[in-house]
Trainee: 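Please find one structure pasted underneath; my questions will follow.
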Amino acid sequence: MRRAKLPIAFTQGFSPRPRIHFGLAVPTCFASTAEYVDVDLIEVPTDLASLAASLSAVLPGGMDVLAALEVDTKTPSLQSVIEAAEYIVPVGPGGWRFADLEAATEKLLAESVLPYTVVKRGKDVEYDMAPGLLGVKAVDFSEPSGLDADVERAIAHVPADTWQDRIALWCQVKVKPRSIRPQEILDLCSELIGSEFHALLSHRSALLVTDEQGFSEPISLQLPNAAAGAEVSNQ
């Protein structure tokens, strides 16, 4: 941000820090085109499109700012308003077909209770995954003409070699009180039909907030296919 000459606001006191507030952290080893950050500026540039471009120019290769938006300073923090996340997850090699994953997701959605065990502080903790699942679909990318609107939007900014000619899992999950990971969904799918499904690369395609219409992204993007990058909201 210093290289882009942005007039960032700093905290007061003995050790001033830039006023930058990140959204929900992406898990380790996940790819993402849904990274948001609030930046407090002393003065907001009139041309936000050029702000995004100037940041992209000084970021490392493979990281781009896709959009910037001015928001009111009274707007709640990203961390507090993000309620859900969306993932598109190519599934690893195996001796099964798209029909296997499709059958597993259908069985998953038919269950009213989905017990799952995680290790927390060295102890097994069981919880019900069902309330946290907002949507799950099996996707066959070898038949791109059959993709629905949710999947088309999810892959709009994802490099094509991530998903091309593969089968994949699309899912939307709540992030509170605990964020569900795509591999946990695949683990349950594996149990339901007796086949092992593995995430090749979990790609977070959206972070979602709630509004009058339901869930939506903090910044709505209408851009052509782009490299993996970041979205910046500017405060």
Side-chain angles (χ1 to χ4, degrees), residues 11 13-15 17-39 63 75-94 96 100-101 104-138 154 158 162 168-210 214-215 217-218 228 230-231 233:
T11 60
F14 180 75
S15 181
R17 298 178 181 275
R19 295 178 61 88
I20 300 174
H21 321 280
F22 289 90
L24 193 70
V26 70
T28 304
C29 296
F30 279 40
S32 176
T33 45
E35 297 302 294
Y36 294 87
V37 56
D38 282 333
V39 181
M63 183 177 289
T75 303
S77 68
L78 287 165
Q79 193 76 22
S80 66
V81 298
I82 291 170
E83 299 286 341
E86 175 187 87
Y87 297 94
I88 189 78
V89 186
V91 178
W96 28 258
D100 298 323
L101 184 59
T105 55
E106 288 175 357
K107 286 186 177 182
L108 191 77
L109 293 172
E111 298 289 333
S112 58
V113 178
L114 294 168
Y116 189 82
T117 302
V118 297
V119 178
K120 193 172 183 180
R121 295 179 182 175
K123 296 181 180 179
D124 288 347
V125 178
E126 187 175 283
Y127 73 102
D128 182 11
M129 195 186 290
L133 285 183
L134 300 174
V136 180
K137 298 174 189 175
V158 180
T162 302
L169 181 80
W170 173 92
C171 60
Q172 284 185 351
V173 298
K174 291 183 179 178
V175 299
K176 298 173 182 177
R178 178 188 179 275
S179 185
I180 297 171
R181 296 197 178 197
Q183 185 58 55
E184 295 173 351
I185 300 173
L186 291 172
D187 288 343
L188 288 179
C189 287
S190 300
E191 290 178 17
L192 288 170
I193 69 167
S195 292
E196 277 199 51
F197 299 108
H198 297 287
L200 289 179
L201 175 66
S202 295
H203 192 110
R204 190 165 75 186
S205 51
L207 288 175
L208 304 169
V209 298
T210 53
F215 287 104
E217 295 179 77
E231 297 176 359
S233 69

Trainee: Can any side-chain N or O of S202 pair as donor or acceptor with the backbone N or O of F30 at less than 3.5 Å?
Mentor: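 No.
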Trainee: Could you list the donor-acceptor pairs under 3.5 angstrom formed between side-chain atoms of residues 170-181 and any protein atom two or more places apart in sequence or on another chain?
Mentor:
| residue | atom | partner | partner atom | Å |
| --- | --- | --- | --- | --- |
| W170 | NE1 | E86 | OE2 | 3.2 |
| Q172 | NE2 | E86 | OE2 | 3.1 |
| K176 | NZ | S80 | O | 2.7 |
| K176 | NZ | I82 | O | 3.4 |
| R178 | NH1 | Y127 | OH | 2.4 |
| R178 | NH1 | E184 | OE1 | 3.1 |
| R178 | NH2 | E184 | OE2 | 2.6 |

Trainee: Please give me the minimum heavy-atom distance between A104 and L192, naming the atom from each residue.
Mentor: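 In terms of heavy atoms, the two residues are closest at O-CD1, 3.9 Å.
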Trainee: According to the side chain to side chain donor-acceptor pair (under 3.5 Å) rule, which pairs have a member within residues 107-123, sequence neighbours left out?
Mentor: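 For residues 107-123, and leaving out neighbouring residues, the side chain to side chain donor-acceptor pair (under 3.5 Å) pairs sorted by first residue read Y116-D187.
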Trainee: According to side chain to side chain contact (heavy atoms under 4.5 Å, CB included), who are the partners of A84, at least two apart in sequence or on a separate chain?
Mentor: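 L134, L208, F215.
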Trainee: Identify the two heavy atoms, one from L201 and one from C29, that lie closest to each other, and give their separation to 0.1 Å.
Mentor: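 The pair with the smallest heavy-atom distance is CD1-O, 3.8 Å.
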Trainee: Identify the heavy atoms of V26 and A31 that sit nearest to each other, and give their distance.
Mentor: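 V26 and A31 have their closest heavy atoms at CG2-O, 4.2 Å.
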Trainee: Please find the pair of heavy atoms, one from P182 and one from V89, that lie closest to each other, and give the distance.
Mentor: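 Residues P182 and V89, closest heavy atoms: CB-CG2, 3.5 Å.
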Trainee: Between atom CG of L78 and atom CG of L207, what is the distance when rounded to the nearest 0.5 Å?
Mentor: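 Answer for the CG-CG pair, L78 versus L207, is 8.5 Å.
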Trainee: Working to the nearest 0.5 angstrom, can you tell me the gap between I185 CD1 and T105 OG1?
Mentor: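 Going from CD1 on I185 over to OG1 on T105, the span is 10.5 Å.
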Trainee: Indicate the atoms forming the closest heavy-atom contact of Q183 with A199, along with that distance.
Mentor: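 Looking at all heavy atoms of both residues, the closest pair is OE1-N, 2.9 Å.
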Trainee: Report the distance from atom NZ of K137 to atom CD1 of I88, rounding to the nearest 0.5 Å.
Mentor: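 Answer rounded to 0.5 Å: 9.5 Å.
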Trainee: How long is the gap from OG1 on T11 to CZ on R19, to the nearest 0.5 Å?
Mentor: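 Between atom OG1 of T11 and atom CZ of R19 there are 7.5 Å.
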Trainee: According to side chain to side chain contact (heavy atoms under 4.5 Å, CB included), who are the partners of A130, at least two apart in sequence or on a separate chain?
Mentor: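 Result, side chain to side chain contact (heavy atoms under 4.5 Å, CB included) vs A130: L114, D128.
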Trainee: As a quick check of understanding, evaluate side-chain contact (heavy atoms from CB on, under 4.5 Å) for V119 and D124, giving each step before the final call.
Mentor: CA-CA 5 Å; V119 178; D124 288 347; 3.5 Å; yes
Trainee: For L109, what residues pass the side chain to side chain contact (heavy atoms under 4.5 Å, CB included) criterion, not counting sequence neighbours?
Mentor: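 Only V136 meet the side chain to side chain contact (heavy atoms under 4.5 Å, CB included) criterion with L109.
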Trainee: Atom CD of E191 and atom CG of L186: how far apart are they, to the nearest 0.5 Å?
Mentor: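 Answer rounded to 0.5 Å: 11.5 Å.
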Trainee: So, for R204 and P27, which heavy atoms are closest and what is the spacing to 0.1 Å?
Mentor: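 Closest approach of R204 to P27: NH1-CD, 4.5 Å.
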Trainee: Please list, chain by chain and in numerical order, all residues satisfying side chain to side chain contact (heavy atoms under 4.5 Å, CB included) with Q79, sequence neighbours excluded.
Mentor: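 Per chain and number, Q79 pairs via side chain to side chain contact (heavy atoms under 4.5 Å, CB included) with L24, S77.
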